Every structure is written in structure tokens, then in C-alpha cells.
Amino acid sequence: MVLTTLCLAAAVAVADTEPDARPNVLLVLVDDLGWMDLGCQGNERLHTPHIDRLAREGMRFTDAYAAAPVCSPSRAAILTGLSPARLGLTNHIPDRPAFTPDGAEWLPAPTLDHLPAEHVTIAERLRDAGYATAFLGKWHLAGRSGKEGRGDERFYPERQGFERNVGGCALGGPPTYFDPYRIHNLPPRRKGEYLPDRLADETISILREHGPDGERRERPFFICLWPYAVHWPMEAPARLVEKYAERRGPGLKDPRYAAMIEALDAALGRVFAAIEEIGAARRTLVIFTSDNGGYSGVADNRPLRSGKGYLREGGIRVPLIIRWPGVVAPKSVCSVPVVGTDLFPTILEAAGVELEPDRALDGISNDGTSIDGKSIDGKSLVPLLRGAPSLEREAIYFHFPNYAWHRSNRLASAIRAGRYKLIERLDDGTIELHDLAEDPRETTDLAGQLPARAAELRAKLAAWRKETGARLPRRRSQASESSGRSVSSPVRSGRGG
């Protein structure tokens, strides 16, 4: 089966001229942004002019997915191109016994509390190819946070290929969005300054080093700007909170959250302007997306069901915008299903860097998707960016065998193949089948009406779990007989745990 949904490019033709062979790359990963939390996605109550402009100048994906419904595994998947199931990192860090509902018969699968340094990240590959690399913002892949988010510095960005790290530590959310932030590697600068503005300033400072007179002008840059926003706590400049207090209605539940989105948009607008000011706009690939679906209490996930922490569409479908001048036609819209792991091979192909096996997977069965004989879970989106109508891929897979912090989700896996999505619950084995083309709200279960299709997808999902070595939940009675392996830091042969 091929995912055949079309990418519809605008009438404006792509220029014949190619960008530089080694484009700069800016990867913006917003935290907890809902599928409809942008003007270009259809929310008329929010003001996001800079991100909307990015969409007009590039390609907007309607069926893009995070690799997981929570942050840590999704971020690890982007960095490595490997699925959370294969990484053995499937829940937000740290997984806690308190997440398991009282009296639950099934306990969650063991999950790592860090991204092992043995895995080869996109930053390592690009650094070794001559790129200047920098990370700014939320990392959340370095164990339990501890004092001021220190966690375990063996698993910091600078140990994973980033030459610079501004604010990346073990924290999942900032103690506060106003200076002093109480983040140990983001020292105070101006009391009351807003965190997205600070991270934008730090990014602009790095960008100017790559300008015509900058000391790094000869090196292309790879910058990950992963702002903590719009994650909890709900804090924003007072003037914007007041502005949105008058705009409550469908798509705007909390004026603080709406204000956070506009403030973030303004900060990103300054970063985009800086790229233009240094003369790098036409040779810079910009990727904008979210690490998971929006938090249901504040985000706009319409018309999708549920939100962060669920394998429903609202928990995993996310905004994705890619601008690449000279390659991507302006005002393009693509409805081919894509996923966060695809960004790894996409960026490498754009940079002309060959895929190589992940050294942490040596000795582990890892058939994956073969690209030039190399194993990877993601699929390069470059053909789509150049106007191809589809990708040669059978399906996209998800595995969330853990309870989220809200304790309300079911332990489950999911598969999307073409227009159909199947969810399999890992406790009682029940399934649901939905036609997302007709029912994006996932209101009508078709498993009984289409038993052959349901059985086919269920078999594919089971085979994928086996191939990736996906960890599974256990009955409480079975867990009591286990060897006592830690839930937060399990050891898995070959995974560097």
C-alpha cells in the first residue's frame, strides 16, 4: 500500500534555481501547540502573522503527526529518526508510579528516562559534515530534573552534537517564563524579561555570526530553537492577556494561552527577520512543528478528538510548516501523512549527508525502512517538498504503552495506513478502526463493518511491535514476579541504557 493522498501546490511555480548545496537549517519545535492554534490552520481568534507568513511562503502539512502524544519520546524521535518504540523511550520523563490509576490491573511498560548518548543524533551528523550546531530551549531528555533542571549532564545537548546549548537541560517546563527563570544554564539577564524573547535574542546573536561579516560566515548552521512555550505554566505578558480576555469563544479557552501563542509568534518573527537581515533567507530551510498535540484544557484541537497524552488525533496530529526557497512552492498544502521521525532523513538529504546506521542499534534486529541500504524509521520528505504526490510508505506507527500524567489514557498502539487508522488497546486487546478522510473526529468505529481491513492493520501493527522490540505493559500480578528492574531507567541490550 502507498500513502497516496496528494500534495497540492499553489499555482505559483517553483523557481528553477536551486538553493545552495548545503542549506542552513532552522528547526523550530514548539511545545504542546494544538492543531488549530494558528491563524493559518484556521483559528480566527489568534494573531500569528509571522508563522502564517511562513506557511504562505512554504508548504503546510494537514496530516502531520508527532511520533508520540507526549514530549520526551517525540523529541528523541526527531533527533534520531528512530521511533520511540525502537528507542525504548515511550513516555514523558520521568515516568512515575503515580501516573498509574489506582487499582489498575495493567502496569505501564518500562521506559528510559534519558536519550542514551550512544545514539547518533542529527546534530552529530551535521556537525561532522561541517555545520555549526546550536540548541536553544527545552531538551527534556536528561533524566530527572533535580535542582534548577540539572538532571544528568551526560545526556545534555552538548553531548549529542550541539556545539552550543542555551537552556537545554532536564526540565519539561520552565519554573517561570519571566526572568529570573531558575534554569541553571540560562542565567538571569533582565528581570521580568519573557523567556521566548530571551531565546529569540540568543538565536539572533548566533545567526549574526553567520552574516557577511560574522566569524562563522563560512559554515552553514543547524539551529534547534525549541522554545519551552506554550507548555505550562500559563504565563504571558499582561498586555496580551488583557487583549485576549475580550476574545473568548470557540478556539480560545484561556486568554493566557492565547497570549503565549502571540508572544511566541512575535519572538519567532524577529528570528525570521534576522535570517533575512544576514542575507541567508534564500538558503535556509525552516521547519516549524509541535512535539505533540495540544493540552486539552487550553488548546484548540478542533475538530480532532482528545489532546496531549492520547493516541487520538488530537494527541498526535500537529502543525507542520516547511519553507525552503527555490524548492518548495509558496502556498503549498500537502495532505500526505508524515511523522516526526521523517525530519531526520529530510534534513540529512537536504544537507547532502548520507544516512548511516545508528551505532546504538548494533546487534539489534532493525529492518526499518531501507533508504540506500541504510536503516531508519523516518522517510525523507524531500520528494514531497519538490512536488511529488505521495510517499512510498505503507503506514505510520505509534506506541504509547504508558499512562500520561493525567492518568486517563488507555495503554495502546496505533497505525495509520492511507485514510484508515486503527487503535489497539494493549490491556484488553480491543480495537477501533476509523476512516480519517470521512471521520477525523474518530466518532464512528468501523472495525465491525470492515473486519478484513481491521485484521490486516492489526497484523501489521503486531509485526511492527515485534520488529522494533517494543516494550509492552504487564499485568500487576506479573510485575510482582519480575526481577525488580526500574521503570524509569530500564536496561536494554544495545540501547546504551
Side-chain angles (χ1 to χ4, degrees), residues 2-20 23-30 33-43 48-67 78 122 222-225 265 268-269 271-272 275-276 280-291 316-351 378-393 396 416 436-437 440:
V2 178
L3 298 181
T4 57
T5 314
L6 298 181
C7 290
L8 302 177
V12 180
V14 180
D16 292 333
T17 57
E18 294 287 338
D20 289 356
N24 303 306
V25 181
L26 172 66
L27 174 54
V28 179
L29 183 66
V30 183
L33 188 69
W35 191 64
M36 280 279 285
D37 278 333
L38 299 171
C40 60
Q41 292 288 99
N43 192 316
T48 54
H50 304 290
I51 300 170
D52 295 348
R53 177 188 171 189
L54 192 73
R56 291 194 303 272
E57 295 175 345
M59 179 176 287
R60 183 173 62 85
F61 290 78
T62 64
D63 291 55
Y65 291 91
I78 289 172
I122 184 71
F222 173 61
I223 297 176
C224 282
L225 175 53
D265 177 84
L268 292 177
V271 173
F272 300 154
I275 294 175
E276 294 179 353
R282 281 201 55 79
R283 51 188 173 87
T284 299
L285 167 63
V286 178
I287 301 173
F288 173 94
T289 191
S290 177
D291 62 350
I316 52 178
R317 198 186 293 204
V318 294
L320 172 62
I321 300 168
I322 299 179
R323 183 181 72 186
W324 191 4
V327 175
V328 175
K331 300 181 181 179
S332 299
V333 178
C334 185
S335 55
V336 174
V338 301
V339 67
T341 47
D342 296 337
L343 299 182
F344 182 97
T346 299
I347 294 171
L348 287 187
E349 182 173 348
K379 186 80 170 177
S380 174
L381 304 181
V382 169
L384 297 180
L385 300 178
R386 295 187 180 276
S390 62
L391 283 179
E392 295 291 329
R393 172 163 58 192
I396 293 172
R416 172 155 184 190
L436 296 180

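In this text, all values refer to a predicted model and were calculated from it rather than measured experimentally.
Between L343 and I287, the closest side-chain pair of non-hydrogen atoms falls below 4.5 Å. Between I51 and F288 there is a side-chain heavy-atom pair separated by less than 4.5 Å. With a 4.5 Å cut-off on side-chain heavy atoms, C334 and L385 do not count as touching. Within the 4.5 Å cutoff, side-chain heavy atoms of R53 are placed close to those of R56. Between F222 and I347, some side-chain heavy-atom pair lies under the 4.5 Å cut-off. Annotation: side chain of D63 is not in contact with side chain of V336 (no heavy-atom distance under 4.5 Å). Side-chain contact between V338 and L384: present, with at least one pair of heavy atoms (C-beta onward) separated by less than 4.5 Å. Between R323 and V328 there is no side-chain heavy-atom pair separated by less than 4.5 Å.
Panel note: side chain T48, backbone D265; no donor-acceptor pair is recorded below 3.5 Å.
Residues that satisfy the side-chain contact (heavy atoms from CB on, under 4.5 Å) test with V271, not counting sequence neighbours, are L26, A200, T203, I204, L207, L225. Residues satisfying the side-chain contact (heavy atoms from CB on, under 4.5 Å) criterion with Q41, sequence neighbours excluded, are W35, M36, L38, R60, P319.
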With side chain to side chain contact (heavy atoms under 4.5 Å, CB included) as the criterion, how do I223 and L27 come out once you've worked through the C-alpha distance, each side chain's angles and the decisive distance to 0.1 Å?
CA-CA 6 Å; I223 297 176; L27 174 54; over 6 Å; no
List the steps, then state whether side chain to side chain contact (heavy atoms under 4.5 Å, CB included) holds for C224 with V28.
CA-CA 6 Å; C224 282; V28 179; over 6 Å; no
Worked check of side chain to side chain contact (heavy atoms under 4.5 Å, CB included) between L54 and V286:
CA-CA 9 Å; L54 192 73; V286 178; 3.9 Å; yes
Run R416 and L436 through side chain to side chain contact (heavy atoms under 4.5 Å, CB included) and show every step you take.
CA-CA 9 Å; R416 172 155 184 190; L436 296 180; 3.7 Å; yes
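A cation-pi arrangement is not found for R283 relative to W324, the charged atom failing to lie both closer than 6.0 Å to the ring centre and inside a 45° cone about the ring normal.
Nearest heavy atoms, D37 versus L33: CB-CD1, 3.5 Å. For the residue pair L285 and A350, the shortest heavy atom distance occurs at CD2-CB, 4.0 Å. The two atoms that bring F344 and I122 nearest to each other are CE1-N, 3.5 Å, heavy atoms only. The two residues A64 and L320 have their closest heavy-atom pair at CB-CB, 3.5 Å. Closest non-hydrogen pair, A66 versus V318, comes out as N-CG2, 3.8 Å. In terms of heavy-atom proximity, A281 sits nearest to E276 at CB-CG, 3.9 Å.
Rounding to the nearest 0.5 angstrom, the gap separating the NZ atom in K379 from the CG atom in L391 is 7.0 Å.
Listed by first and then second residue, the side-chain hydrogen bond (donor to acceptor under 3.5 Å, both in side chains) pairs that reach into residues 342-351 are D342-R393, E349-S380, sequence neighbours excluded.
In summary, the side chains of T284 and N24 do present a donor paired with an acceptor at a separation below 3.5 Å, with no hydrogens or angles considered.
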